[in-house]
Amino acid sequence: MAGTRLSNGIYREAVATIVRRIQKAHGLSDSQLAERIGCSAGTVKNARNEASNLDAVTLANIEQVFGPGAIDPYLALADVRAVPLAAPVSVERLHPTLAIVEALHRIIEKQMPDSEGGTRITSHELLTILSELREARGVFDALIMIADPAIDSGEISFRDKGRKRLAVVHSQGGTITRADIMHSEDDAG
């Protein structure tokens with residue numbers, strides 16, 4: 001939506017999408033969702049029906065309770081998405097790239113001719129594999145954080161370096177606990 005001036009209507013539509021998706025995915029009523037995010041059932045109903053705006057605290061609570069990506073329809077209005085700041089990324093597999101492969105496999109399954117939408121994947125089909133998609137995105141985000149340091153870190157981004165580096169990911173109980181970058185000996189100096 002870059003270049004498009006936002007309006008309350010566009011904002012409310014994005015928020016309604018968030019509320020509807022969460023309620024459908026988790027089987028929550030207005031009052032159940034309201035309890036989980038710290039607002040009233042009327043607030044949830046109004047947001048779902050595009051009758052009023054949600055405040056920033058409520059949006060942040062949605063993201064905190066339902067995880068990275070929960071408010072992406074809102075963030076997409078600015079052509080961005082949510083990415084976890086902390087390195088721990090839930091990976092239930094022995095190796096993080098397996099989460100990526102699993103998500104790709106599930107996408108391919110959903111595009112088979114005998115699937116719900118045939119060769120065109122539907123939003124409902126994507127919703128059924130949302131957890132795998134988010135897990136893969138988390139792994140990609142962790143790898144990107146390892147490869148490309150934060151802008152304000154003062155470190156030259158990885159793609160601009162002529163160095164040999166290796167990212168070592170430490171996990172415990174299926175969760176990435178630490179990611180380290182190992183430099184080759186010719187990096188010294």
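The residues of the chain are indexed from 1 along the displayed sequence. Note that the structure is a prediction, hence the values are computed from the model and not measured.
- Looking at heavy atoms from C-beta onward, C39 lies in side-chain contact with V44 at the 4.5 angstrom threshold.
- For the atom pair I121 CD1 and L126 CG, the distance stands at 4.0 Å (nearest 0.5 Å).
- With rounding to the nearest 0.5 Å, the separation of CD in E132 from CG in L104 is 12.5 Å.
- Put simply, CD on Q32 and CD1 on I22 are 13.5 Å apart, with the number rounded to the nearest 0.5 Å.
- Residue L54 is tested with V15, N46, I71, I18 for a side chain to side chain contact (heavy atoms under 4.5 Å, CB included); the sole match is V15.
- Using a 4.5 Å cut-off on side-chain heavy atoms (C-beta onward), T128 and H124 make contact.
- A distance of 9.5 Å separates CD of E102 from CD1 of I129, quoted to the nearest 0.5 Å.
- Between S115 and E109, the closest heavy-atom pair is CB-O, 3.9 Å.
- Residue E35 qualifies as open at atom CD: its count of foreign heavy atoms under 6.0 Å is 12 or below.
- Q111 contributes no side-chain N or O that, together with a main-chain N or O of G118, makes up a donor-acceptor pair within less than 3.5 Å.
- Scanning both residues, P73 and A14, for their nearest heavy atoms gives O-CB, 3.5 Å.
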**OP:** In sequence, state the C-alpha distance, the side-chain angles, and the governing distance for D72 and R21, and then conclude on salt bridge (charged side-chain N to carboxylate O under 4.0 Å, His left out).
**Re:** CA-CA 11 Å; D72 277 357; R21 283 182 183 175; over 6 Å; no
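- Classified by interplanar angle (parallel below 30°, tilted 30° to 60°, perpendicular above 60°), the ring pair Y11/Y74 is perpendicular.
- Residues L28 and I37 fall within the same hydrophobic cluster, defined by Ile, Leu, Val, Met, Phe, Trp and Tyr side chains chained together at heavy-atom separations under 4.5 Å.
- Residue A25 comes nearest to L127 through the heavy atom pair CB-CD1, 4.3 Å, listed as atom of the first residue, atom of the second, then distance.
- Counting all heavy atoms, side chain and backbone alike, H26 lies closest to F66 at NE2-CD2, 3.5 Å.
- In this structure the side chain of I10 never reaches within 4.5 angstrom of the side chain of E13, judged on heavy atoms.
- With hydrogens and angles ignored, the 3.5 Å screen pairs a side-chain donor or acceptor of E125 with a backbone N or O of E116.
- The heavy-atom pair separating T122 from G117 by the smallest distance is CG2-CA, 3.6 Å.
- Residues N61 and R36 have side chains not in contact (no heavy-atom distance under 4.5 Å, counting atoms from C-beta outward).
- Across every non-hydrogen atom of S31 and A41, the tightest pair is CA-CB, 3.8 Å.
- Linking ILVMFWY residues whenever their side-chain heavy atoms come closer than 4.5 Å, directly or via other members, places L59 and V65 in the same cluster.
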